[in-house]
There are 2 protein chains.
Amino acid sequence: MAVTIDEVAALAQVSPMTVSRVVNGQSKVRESTRERVMQAVGKLGYVPNRAASSLAAAQDARIALIYTNPSSAYLRELLLGVLHVTARTTFQLIIDDWEGFDAAAERKAARTLGGSVGGVILPPPLCESKVVIGELGRAGVPMVAIASGSFNPDISSVRIDDFLAGKEITEYLIKAGHTRIACVKGHPNQMASQRRFEGYKAALKEAGIAPDAQLVQQGYFTYRSGLDATEKLLSLRKPPTAIFASNDDMAVAAVSVAHRRGLQVPRDLSIVGFDDTSAATTIWPELTTVRQPIGNMADAAIDILLRAIRRKPEDHRVVVDHVMAHQLVVRDSVAPPPVLARKSGT
Amino acid sequence: MAVTIDEVAALAQVSPMTVSRVVNGQSKVRESTRERVMQAVGKLGYVPNRAASSLAAAQDARIALIYTNPSSAYLRELLLGVLHVTARTTFQLIIDDWEGFDAAAERKAARTLGGSVGGVILPPPLCESKVVIGELGRAGVPMVAIASGSFNPDISSVRIDDFLAGKEITEYLIKAGHTRIACVKGHPNQMASQRRFEGYKAALKEAGIAPDAQLVQQGYFTYRSGLDATEKLLSLRKPPTAIFASNDDMAVAAVSVAHRRGLQVPRDLSIVGFDDTSAATTIWPELTTVRQPIGNMADAAIDILLRAIRRKPEDHRVVVDHVMAHQLVVRDSVAPPPVLARKSGT
DNA sequence: GTGAAAGCGCTAACAC
DNA sequence: GTGTTAGCGCTTTCAC
């Protein structure tokens, strides 16, 4: 049926073992041999059988990705990133929805899971659940928190620097001339919200802009909460000229409210988001936002897990904190504030 | 390391084969034996090694999913559906982006792919590419078109009845009292657009509503195109009281335009979408739309492929057309038209 | 740097 | 109903 390693070996006139070495990028192969093998691989269209290789190598880990909010745009991107990784590697990915679980249910689920998987990926807010981390930790299962906002010594993490990112995007607004900059905070149960908000405050402080409590609204990462927060903000006697929403969904909501009130974005109001999910480019104007390298983060998370699984159980506990570079994505939702624009004749 | 089938067999005092039969739910096992085995499984926490079973059963197919528009919300849902299936089964999923390929590039890529995979899933618009279908067909690779809009005898398909769905959602609008119903068509390169539009026309005709060419606008499934189409529609001397957008992204755009013009949805204008992607519930009001059972469709598609792969190469050509049930999802974007509402005192 | 032997954990096919 | 035999496609280990 499919092309096997033996066929490739026969064509290249080497042993299957050599083909295996070439395919897996091992070093101890003569260059000429390697080329001959690669040629055979190309000609035959050989693709290694993952079931066989993982069985032979005993590297068939089961990795679980547990989530609680399948509708969040961010999680979608993450799942996609993980999907890309699974397509390249050998392990079984188990994905599970723990939405609405209370502490008891979480404990039970974690206990069950602990017995059947080699590693677990935890996106927020699960990566901040004491119950889950405690239970899985007791079972000796390697875990990695993804996009956790901050480092917790009990669990490895792959994340960006949410503080810095929040600070940078606020600074971008300041550089555009804004001083009345509002912030719609993210869900209080997630450290990332907190860190982004701290970044916002730090940028203001460094620029010598006095903080204004009225300009800070609590949001919950949902479109709905963004709607409410923006309404309050724009109803202020002295409304902001720019809004920093802690994620794209809320930023999209802010744009919608602005439009409904006859405000043009960015001419009358600048808006920035966070995450660079599909929502950011679905609307008009497209959103200036912060991009998390989700594909790379998924990659790194799985790498950490695989490494831990291959290690002896005794030292599963090696905890790493992998902070990846984020990126400010400048699009069309920011302009100088109206007053300045007028002054400079625009 | 992990518990194996032999350990379970030893504990239950049967052969590994019997354990296998019990675990895989085969019938020919005495009830008492089954119970004994299940008990051993439970006590040991046995979880079958997928790599081993797929290798032994020769069920380790490679299945490719090719796409051209990774940013479309619909594709995201599909990928997610496929991910759920892969989590349960054992085969290697290859996902590949052919965005921007011309006919020559498509031909080349299809030829390469044909040699290395057991089956291919083709979402629109690739499932309508003569080049791809021809090339893959020549290679004898089973294919399945997903959400293709209509049946093509050259390729198996899993889809909903787009005509019927389009008709039903239009009828829903008619039942609410609307007679000036606009349609924003989908991308002309996809049969599904055509079928949905035909459904719209059929509903109008059955209700005795004369078609009005002004109320039909060409769209391209993008938010941007929805914006333009809606602007034209609402600039009409006699604008529609309801808009049927051929997908959710365009419906969301329609809502946005309505709001910008000071129209309330659904009080002043009813809007419906299609697909029930996350966009439908991200905005306010939440969109009434048609839900495709994407998870089930992914399931069915992979099932068809797996079945075909297991068959002898000679009869790969069995082509099936699997039409699944769609669902009208009623939310908050439809109300009676303004005039009627006024008449009935609302 | 390369090859030979052995076996990963499971199930198809058959025997009983 | 249940057990036996053989082998899926690959990699490990060790020899050369």
Side-chain angles (χ1 to χ4, degrees), chain A residues 1-38 40-41 44-62 88-92 116 118 306 309-310, chain B residues 1-38 40-41 44-62 89-92 116-118 306 309-312:
Chain A
M1 203 168 86
V3 180
T4 72
I5 201 171
D6 294 290
E7 300 175 50
V8 177
L11 182 59
Q13 312 203 59
V14 294
S15 75
M17 201 47 238
T18 301
V19 176
S20 169
R21 281 194 263 258
V22 171
V23 169
N24 294 307
Q26 293 199 17
S27 44
K28 304 300 192 75
V29 179
R30 191 179 298 131
E31 194 50 45
S32 60
T33 315
R34 156 176 270 104
E35 264 171 35
R36 204 143 33 88
V37 171
M38 288 311 283
V41 166
L44 263 28
Y46 169 69
V47 183
N49 179 321
R50 286 228 259 108
S53 73
S54 68
L55 178 57
Q59 285 190 159
D60 60 305
R62 264 183 294 272
R88 294 201 332 269
T89 39
T90 331
F91 54 83
Q92 182 176 349
S116 65
L306 255 23
I309 290 167
R310 263 169 231 158
Chain B
M1 199 167 84
V3 181
T4 72
I5 200 170
D6 293 289
E7 301 176 48
V8 177
L11 181 59
Q13 312 204 55
V14 293
S15 75
M17 199 52 233
T18 300
V19 176
S20 168
R21 281 194 263 259
V22 170
V23 169
N24 294 305
Q26 292 199 20
S27 44
K28 304 299 193 75
V29 179
R30 192 180 295 132
E31 194 49 46
S32 60
T33 316
R34 155 174 271 104
E35 265 171 32
R36 204 144 32 86
V37 171
M38 287 312 281
V41 166
L44 264 29
Y46 169 69
V47 183
N49 179 321
R50 283 277 200 66
S53 78
S54 71
L55 180 58
Q59 286 188 155
D60 58 301
R62 263 185 296 274
T89 37
T90 330
F91 53 84
Q92 183 173 350
S116 64
V117 301
L306 255 25
I309 290 167
R310 263 170 232 155
R311 230 177 265 132
K312 295 281 161 287

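Order of the sequence lines sets the chain letters (A, B, ...), proteins ahead of strands, with each chain counted from 1. The model shown is predicted, which means the values in this text are computed figures rather than measured ones.
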Nucleotide nearest A56(A) (side chain, heavy atoms from C-beta), chosen from dC10(D), dT11(C), dG9(C): dC10(D)

Closest nucleotide among dT4(D), dG9(C), dG9(D) to the A52(A) side chain: dG9(D)

Per L55(B) side chain, nearest of listed nucleotides dT11(D), dA12(C), dG9(D): dG9(D)

Side-chain N or O of R30(A) closer than 4.0 Å to phosphate OP1/OP2 of dT2(C): yes

Which residue lies more 5' along DNA chain C, comparing Y46(B) with R21(B) via nearest heavy atoms: Y46(B)

Nucleotide nearest T33(A) when distance is taken to its side chain, options dG3(C), dG1(D), dG1(C): dG1(C)

Phosphate-side-chain proximity, T4(B) and dG9(C), N/O vs OP1/OP2 below 4.0 Å: no

Rounded distance (Å) that lies between atom P of dA6(C) and atom CE of M17(A): 16 Å

For atom CD of E35(A) and atom P of dG1(C), their distance in whole Å: 16 Å

Distance in angstrom units between R50(B) CZ and dG9(C) P, rounded: 17 Å

base_contact_polar (dG1(C) base, R34(A) side chain, donor-acceptor, <3.5 Å): no

Shortest side-chain distance from N49(A), nucleotide among dC10(D), dT4(D), dT2(C): dC10(D)

